[in-house]
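Order of the sequence lines fixes the chain letters, A, B, ..., with proteins taken first and strands second; residue numbering starts at 1 for each chain.
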There are 2 protein chains.
Amino acid sequence: MDDTWELLMDLVMAERARIPQIAAEFRLSPPQVHALRVLSPEQPLPMGRLACALGCDASNVTGIVDRLEARGVVERQVVPGDRRVKRIVLTGEGGRLWRAHHERLVADVPLVSGLSADEQRALHDLLAKVVAAPALG
Amino acid sequence: MDDTWELLMDLVMAERARIPQIAAEFRLSPPQVHALRVLSPEQPLPMGRLACALGCDASNVTGIVDRLEARGVVERQVVPGDRRVKRIVLTGEGGRLWRAHHERLVADVPLVSGLSADEQRALHDLLAKVVAAPALG
DNA sequence: TATTGTTATACTCTATAACTATA
DNA sequence: TATAGTTATAGAGTATAACAATA
């Protein structure tokens, strides 16, 4: 079953195209979506940690956060202990935007509709195992 | 099993990050990889069709093909019947580059390693069914 | 001296609109 | 007039390197 991986990659490539499309419906870029996703569980992060989560250089995050902040969906907060650090938090507006986007992304479920209930359950359990694997941290 | 879809999206998001990384190892951008992927099965395409396959505006494809052509991995060919059309073909060098990239992408198989042989087979069969669904055309 | 975040620079991708050449 | 592709323009993401403020 060597090509299980290739099937997964096919899925990823096919679904990849949907992400910027749905993001654009909310006037968001993919990195902006990613940032909101990381911050959404009421988890403020300093710029550096956010850069890490986004998998890009810290210098990019400055611009990404600039644009999100100009839109009022995130805020830079000063951290009492260390005045170098700026902590990024989602605003109420940002939370609403993120939830709306996420519902839209999950709402349209074309893929699993071709499977029976039993098959869907089996796929779910296998994927859960895969996602829980250490490689995906 | 409503969250099967969400698990799939988690996978997609996690794997998304690997694509530009591995592409960069071959000094390719994601759209360039996508273009080579589309052209690789010995299937030359005119600019417009390539834009369609890449899901972006035709004006972008000019630049993408410019850079690939400057590198010698694709060529613009004139089509006899209609002198407006330019057909993009992969060069021998381009074919080698694409195969090297694809092997590298598929070589590293971290995800399915956490499953037993039976589980891998089951996942394979379910994914095959999902990928074959009309929504993925 | 080391760290956090920003700025400067340069390149790629992106869409829109205007343009050229051909049909 | 309509179509295929290009060019011009502007905005966003990307990395590298240099920088300021703080530790």
State which of D:dA15, D:dT6, C:dC13 makes the closest approach to the side chain of A:Asp57. D:dA15
Output the rounded distance in Å from CG (A:Asn60) to P (C:dT12). 16 Å
In sequence, state the C-alpha distance, the side-chain angles, and the governing distance for B:Val74 and B:Thr91, and then conclude on side chain to side chain contact (heavy atoms under 4.5 Å, CB included). CA-CA 5 Å; B:Val74 304; B:Thr91 64; 5.6 Å; no
Sugar-phosphate, base or nothing in reach of B:Thr62, heavy atoms under 4.0 Å: base
Which Ile, Leu, Val, Met, Phe, Trp or Tyr residues join B:Val79 in one cluster when any pair of side-chain heavy atoms under 4.5 Å counts as a link? B:Val85
What heavy-atom pair brings A:Val61 and A:Cys56 nearest, and what distance separates the two atoms? CG2-SG, 4.0 Å
Distance in angstrom units between B:Ile19 CD1 and D:dT14 P, rounded: 14 Å
Measure the distance from CZ on A:Arg71 to P on D:dG11 and round it to the nearest whole Å. 16 Å
Within the 4.0 Å heavy-atom criterion, would you say B:Arg76 contacts the bases, only the backbone, or no part of the nucleic acid? sugar-phosphate
What's the spacing between B:Leu126 CG and A:Glu119 CD if we round to 0.5 Å? 6.0 Å
Where the side chain of B:Pro46 is defined as all heavy atoms beyond and including C-beta, which of D:dG5, C:dT6, C:dT14 is the nearest nucleotide? D:dG5
A:Leu54 CG to D:dT14 C1', straight-line distance once rounded to whole Å: 12 Å
Hey, is A:Asp66 close enough to A:Arg76 for a salt bridge, meaning N to O under 4.0 Å? yes
Atom pairs, protein N/O to nucleotides 21-23 of chain C N/O, distance under 3.5 Å:
residue, atom, partner, partner atom, Å
C:dA23, OP1, B:Arg83, N, 3.0

What's the CZ-P distance between B:Arg49 and D:dT3, to the nearest Å? 17 Å
Please report the closest heavy-atom contact between A:Leu50 and A:Val38, naming both atoms and the distance. CD1-CG1, 4.3 Å
I'd like to know whether CZ of B:Arg71 has more than 12 heavy-atom contacts from other residues, nucleotides or ligands below 6.0 angstrom. yes
Return the value, rounded to whole Å, for the distance between atom NZ of B:Lys86 and atom C1' of D:dG5. 6 Å
Figure out the CD1/P separation between B:Ile64 and C:dA15, and round it to whole Å. 9 Å
Is the distance from OP1 or OP2 of C:dA15 to the nearest side-chain N or O of B:Ser59 less than 4.0 Å? no
A:Gln32 CD to C:dC13 P, straight-line distance once rounded to whole Å: 19 Å
Sorted by position of nearest nucleotide on DNA chain D, 5' first, the leading residue of A:Cys56 and B:Met47 is B:Met47
With heavy atoms under 4.0 Å as the rule, sort A:Pro20 into base, sugar-phosphate or nothing. nothing
